[in-house]
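One structure below.
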Protein chains: 2
Amino acid sequence: MEMEQEKGLKRLILDTARQLLTTTGYAQLSMRNIANKIGYSATSIYLYFESKDDLVHELIDEGVDLLHARLTEADSTATSPDGRLLAMCREYVSFGMERPEYYEIMYVLHPEYIKRYPAEKYRKARRILEVIASAIEDGIDSGVFEESDSMLAANIAWTQLHGVVTLLTSERVDKRIDPNILIDSACSHFVDSLRRTTSTTPQNN
Amino acid sequence: MEMEQEKGLKRLILDTARQLLTTTGYAQLSMRNIANKIGYSATSIYLYFESKDDLVHELIDEGVDLLHARLTEADSTATSPDGRLLAMCREYVSFGMERPEYYEIMYVLHPEYIKRYPAEKYRKARRILEVIASAIEDGIDSGVFEESDSMLAANIAWTQLHGVVTLLTSERVDKRIDPNILIDSACSHFVDSLRRTTSTTPQNN
DNA sequence: CCTTATGGTTAACAGTGTTAACCTAATGTA
DNA sequence: TACATTAGGTTAACACTGTTAACCATAAGG
């Protein structure tokens, strides 16, 4: 009972923070806003979290779990290696588009946050890339993909997907471009680029 | 003489802001910091700029000009269509890596900024994509690339390059991945994906 | 019964963008 | 010359931000 109460407020803070994040966005996620919503003073949050960074890191952790679950789920639905990869790429983008607030704190927030990110959680976040890498590895093993370094390829996929998500959610892409077509094409282009032999360096002069 | 003085301070503010941006980064770019550096009060900036947004928008404009110049320059050096495109892709990433502060205010800063971005400057920013699109169009015309929509392809290139820049500069990419290899591979993969027929949709079950 | 720790509070600091009110010096005009 | 106006700049203040220090009541332990 005591233990419930002890961690009760911490849980309450975290829940309120998540709710505030998803409804009003990160810009409105302040210590005082959180505290006001639950009838506590802002400084009481510091009894359970070292700093705002600390609090956000726990939210990031939730987002990582969410994305990881969605990727593995998508991974299991498709069967063919390229189908698996394509499904995962689409799922990654879907997550970014559907949960922009989570995506923002996970992958967009300023580098300062990342530098202070605890090592153990950093390892957990890397599992996401490993899911993609294993799908690529699978494609290599079955001869569908021609690629030497699956981890490198996974990172290329990541940068492509990350670019799609961030430019779309920040509404920097021209309105005349259909978002769904852009997403589909970007995913297809990448998967295609793995299918045949790459690195045909063109002439420079 | 009067006109020089009239716009003299505005120019001084802008120069100081740019310097502050490149040396200390966007986080330290505050009205008071700018004012202190030139011996004026913070509120005097509002005599020449409507808001901080307004000021930043002018800095963004400078960044857009810079990037545009570098892309067209890179465009002119190479001759073959795929070489042109590859050179431009590399140049885009180089700009992002060498001027991260400019890149941040141009493409990373929160959507709120973009919504308030004046339409005329928005059009100017779009020229950057058009440079890429024209290179792709050139490749299509000469039969090197197989692609129907050059503007769509340019946007795919953009998302890929943007992803590379942001994930690298924010130090979210694993240390074991060589940045240069990632950059080169990402650029090559994209250009390659244009070379042959795309959109070979894989089986999903 | 006294001490100590738990769980919270308020006040305050240094910083942010921005607005309102003011003040001074130059200019334009009757 | 005398007065009004305006350009260019200031200070004070508001409503925020994350965070720290000091305080205070209540409960638990020896």
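In the text below, chain A, chain B and the rest are named by the order of the sequence lines, each starting its count at 1.
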Rounded to whole angstrom units, what separation is found between the [atom1] atom of [X] and the [atom2] atom of [N]?
X	N	atom1	atom2	result
Gln28(A)	dA15(D)	CD	C1'	13 Å
Met31(B)	dT18(C)	CE	C1'	8 Å
Phe49(B)	dG9(D)	CZ	P	13 Å
Leu55(A)	dT17(D)	CG	C1'	15 Å
Leu47(B)	dG9(D)	CG	C1'	7 Å
Lys52(A)	dT19(D)	NZ	P	8 Å
Leu12(B)	dG9(D)	CG	P	10 Å
Leu29(B)	dG15(C)	CG	P	16 Å

From the set [options], return the single nucleotide nearest to any side-chain atom of [X].
X	options	value
Leu9(B)	dT19(D), dG17(C), dG9(D)	dG9(D)
Tyr48(A)	dG7(C), dT19(D), dG8(D)	dG7(C)
Ser41(B)	dT11(D), dG9(D), dG18(D)	dT11(D)
Tyr46(B)	dT20(D), dG8(D), dT19(C)	dT19(C)

Test your reading of the model: is there a side-chain donor-acceptor pair from [X] to the backbone of [Y], 3.5 Å cut-off?
X	Y	value
Lys52(B)	Leu29(B)	yes
Asn36(B)	Arg32(B)	yes
Ser188(B)	Ser185(B)	no

Next on the checklist: What I want to check is whether an N or O donor and acceptor connect the side chain of Thr43(B) with the base of dT11(D) at under 3.5 Å.
Outcome noted: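 Counting by modelled atom types and ignoring angles, a donor-acceptor contact under 3.5 Å is found here.
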Next on the checklist: Using a distance-only criterion (donor-acceptor N/O pair, under 3.5 Å, no hydrogens), is the base of dG15(C) paired with the side chain of Arg32(B)?
Outcome noted: no
Next on the checklist: Between Phe95(B) and His68(B) (judged by ring centroids, cut-off 6.0 Å), do the two rings come close enough to count as a pair?
Outcome noted: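 Aromatic pair excluded; centres sit 6.0 Å or further apart.
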Checklist entry - Under 4.0 Å between a side-chain N or O of Asn33(B) and OP1 or OP2 of dT16(C)? => result yes
Checklist entry - Taking OP1 and OP2 of dT9(C), is either one under 4.0 Å from a side-chain nitrogen or oxygen of Ser44(A)? => result yes
Checklist entry - Do the side-chain N and O atoms of Tyr102(B) and Glu62(B) include a donor-acceptor pair separated by under 3.5 angstrom? => result yes
